[in-house]
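As structure tokens, the structure follows; a few thoughts come after it.
Read the numbers this way: they start at 1 and go in the same order the structure lists the ligands and their atoms.
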Amino acid sequence: MTMTRTDDDHAVLEDLKAQVRRHNHLYYLANQPEISDEEYDDIIRQIKELEEKTGYQEPTSPTRTVGAAPSAQFSTTKHPEPMLSLGNMTSEKDFRSWLRSKSVNRQGRLTAEAKIDGIAIRLEYHQGNLALAATRGDGTSGEIVTENVRGIPAIPQRLIGEVPAVLAVRGEIYMPRSGFAIYNAERAERGEEPLANPRNGAAGAVRQKDPSETARRPLLFYAYTLENPPEPIKTQEHALSWMSILGLPTNPLTLVCADEGEAIRAFQSIEDRRDHLDYDIDGVVFKVNDLKQQEAAGATSHEPRWAIAWKFASERAITTLQKIEISQGRFGRLTPVAVLEPVHIGGVTIERASLHNETDVRKKNIRAGSQVVIERAGDVIPQVTGPASPRQAETMPEFKMPSNCPDCEGPVTTKPGETGHWCAATDCPGRLPAQIKSLVGRDAMDVDGIGDVMCEAIAAMDVEHDPERPAENRSAAKLYLLTLSQLASLPGSGPKNARNLQERLAESQNRPLANVLYSLGIERMGRSVCRKLAARYQSVDQVIRENPSTFLNMEGIGPKIAESMRMGLTSREVRATVEIMRRCGVRAIEGLVSPDQTEEANQIKITEETMTVKHGRFDGENVVVTGKIENMTRVDVERLIHQQGGDTSSSVNAKTTLLVVGEKPGSKLNKARSLNIPIITEEEFFERMKAA
Ligand code: IVH
């Protein structure tokens with residue numbers, strides 16, 4: 001049989017619709033979406049195009065309906081007014097043309113509301129009492145989840161003041177990011193799989209069989225629509241403020257815009273705040289403010305004409321995982337790394353992403369040659385979260401860590417009680433790039449401007465070294481032996497850059513003892529051990545000459561660390577590093593750092609507020625930092641504490657004397673509260689830093 005053009009279109013259309021049904025089920029019911037919103041919208045767009053081309057639109061077409069049919073687990077209710085979806089777009093150009101469309105026509109004001117990524121809910125109040133809560137379902141009928149919703153304290157059981165006999169509102173139930181983090185940590189403690197994101201957290205929580213289970217989940221709510229506004233309410237703005245007077249929470253991140261310019265600035269302003277909010281948003285919803293105008297504009301079967309969602313550029317994408325490479329860390333750990341077909345997410349191009357370890361790769365079913373989902377939230381490092389299509393992935397071979405090191409072909413080993421794989425050869429050349437990277441890091445020799453690619457190139461270069469010590473060519477400090485022309489030949493360098501680099505290297509000779517000890521790259525001799533050593537010894541030479549068993553008497557140094565220090569301090573590679581540094585004038589090797597220089601090196605260059613720091617504001621304290629501190633990385637905050645005599649650690653325990661809480665704190669906050677540990681905010685922390 002030969003297929004006619006229409007048969008062809010029909011087959012494609014059926015296939016696209018089947019895809020939508022499957023993704024609706026995954027998104028709305030299973031809470032396990034496999035594709036990004038963009039890709040979903042793209043399928044819908046293709047269906048629309050074909051429907052226009054063939055002139056045929058089925059009544060059940062996804063271009064007419066929204067969401068997935070309600071699950072049989074709950075009774076259903078027909079919505080008096082369909083709960084429509086929202087048209088969406090991602091560019092200023094499309095937004096401007098929506099503003100110029102017939103139904104909007106730039107008349108009057110607009111509201112700009114943060115589009116929260118949660119689950120839509122319809123609430124009916126009878127005589128001011130909550131009588132019904134229903135999910136959106138397929139837009140026409142939803143699931144009755146009233147009993148579950150009663151366990152969400154943000155949703156009032158009773159409205160305040162005079163209200164009409166029946167009042168219906170719509171809004172979004174969401175899981176705040178902080179609550180999500182705590183909830184996931186608790187799941188992990190119980191050995192349960194973590195949830196992928198707060199949206200799934202909210203959707204799953206609302207649709208629990210047992211209402212007391214919903215009540216245990218951290219859920220919040222914002223109302224955004226008044227279904228039957230009483231007469232005096234004439235605008236969306238007014239509807240929002242009246243709802244909040246009734247006791248229904250509304251989002252303070254709502255702006256009213258008088259014109260196109262203000263609307264575009266509102267979008268930018270909400271997008272700017274995105275990373276600092278305690279909830280996920282995926283765009284801005286613009287609504288015609290005047291309710292009469294809304295009514296006049298009407299709706300299509302799918303979406304209102306008077307509202308639109310301007311979505312942020314996606315933070316989720318799908319791409320091909322070309323291959324899995326093995327990267328070696330400075331202590332020989334072998335990490336699988338995804339090499340991806342370059343993909344843009346939220347304004348950055350992603351080509352590589354760490355895959356952690358073999359167990360994780362297998363658990364997530366990530367396979368080379370398949371399509372994978374990449375996610376990136378705010379400034380968080382991109383992650384490969386799983387296959388785009390598990391069925392397609394299964395046609396590819398499972399990942400297996402090689403049994404020989406790709407760099408030196410030596411055996412790959414595991415360690416008892418630890419996850420991961422290692423190359424056992426301490427002199428494996430594969431360790432060198434990561435060792436150089438660490439040596440130039442801020443806690444070590446602090447040499448700016450040497451990125452990953454340069455580290456690789458330096459590792460591969462032959463340097464003129466002491467012929468008696470071949471290990472010098474395998475030491476990360478060989479960086480100090482590069483000639484000016486070698487520096488100039490590095491990728492991304494050149495004659496001018498080489499001179500700058502040489503100056504920075506010369507300047508790094510004055511780094512304080514703790515930094516130089518850390519730059520030796522000895523396993524388990526971390527920042528805090530190096531600080532303790534620097535407080536007790538005057539030079540690297542003294543530390544090397546010390547009888548290693550003495551270290552065991554120092555606080556925080558147990559047998560494992562002491563043994564690792566003993567091995568490291570006597571290894572050929574570390575000895576070679578020390579000799580290179582000695583020849584190149586690194587002063588702390590022989591203890592030639594004068595107190596003045598140490599003081600200078602200790603000065604904090606991070607923010608202006610902290611310029612006048614002296615000493616000892618955190619003397620004797622053991623501080624834990626949780627949440628995001630504005631404009632600073634956690635490492636910077638911890639460095640400030642160290643410079644003020646305090647110690648830091650990553651978990652709250654009986655030794656903790658103080659908790660510093662930034663934005664979106666994690667479970668450490670609860671732990672500190674339960675242990676009665678003093679807690680200070682970010683502002684109080686900086687006040688203390690500034691105090692005379
Ligand atoms: S208005 C007819 N306003 O986005 C207007 N929706 O893709 C429909 N959402 O189902 C909704 N924040 O779950 C509206 N301020 C807001 C919103 C919002 C989040 C969600 C809601 C809706 C979906 C549409």
Could you tell me whether the side chains of Glu143 and Thr76 share a donor-acceptor contact shorter than 3.5 Å? no
Taking NZ, NE, NH1 and NH2 as the nitrogens, is one of them in Glu147 or Lys209 under 4.0 Å from a carboxylate oxygen of the other? no
Pairs of nitrogen or oxygen atoms closer than 3.5 Å, one from Ser85 and one from ligand 1: do any exist? no
Say whether Asn251 and Tyr279, considering side chains only, have a donor N or O and an acceptor N or O under 3.5 Å apart. yes
Mutual orientation of the aromatic rings belonging to Trp310 and Phe267 [parallel < 30°, tilted 30-60°, perpendicular > 60°]: parallel
Examine Glu172 against ligand 1 and note whether any of their N/O atoms are separated by less than 3.5 Å. yes
What residue and atom, counting heavy atoms only, is the protein's closest point to atom 5 (C) of ligand 1, and at what distance? Leu86 CD2, 3.9 Å
Output the list of atoms in ligand 1 that are nearer than 4.0 Å to some heavy atom of Ala114, sorted by atom number. 12 (N), 15 (N)
At what distance is the nearest protein heavy atom to atom 15 (N) of ligand 1, and which residue and atom is it? Glu113 OE1, 2.7 Å
For Pro304, counting its heavy atoms only, list the atoms of ligand 1 lying under 4.0 Å from any of them. 2 (C)
Modelled atom types, side-chain donor and acceptor of Gln268 and Asp272, under 3.5 Å: no
Heavy atom of Ala307, distance to ligand 1 below 4.0 Å: no
Ala120 heavy atoms, cut-off 4.0 Å: which ligand 1 atoms fall inside? 10 (O), 13 (O)
Going by distance alone, is a donor N or O of one side chain under 3.5 Å from an acceptor N or O of the other, for Gln236 and Gln294? no
Quick one about Tyr183 and Arg217 (side-chain donor to acceptor, distance below 3.5 Å, no hydrogens or angles considered), yes or no? yes
Which ligand 1 atoms are under 4.0 Å away from a heavy-atom of Ile116? 12 (N), 19 (C)
Look at ligand 1 and say whether Lys287 reaches it with a heavy atom at a distance under 4.0 Å. yes
Examine Trp306 against ligand 1 and note whether any of their N/O atoms are separated by less than 3.5 Å. no
Out of Tyr222, Tyr224, Phe286, Tyr174, whose heavy atom sits nearest atom 6 (N) of ligand 1? Tyr224
Can you tell whether the side chains of Asp278 and Arg177 come within less than 4.0 Å, N to carboxylate O? no
Tell me if the CD atom of Glu295 is crowded by more than 12 foreign heavy atoms within 6.0 Å. no
So if I count the atoms of ligand 1 from 1 in the order they appear, which ones are less than 4.0 Å from some heavy atom of Arg136? 10 (O)
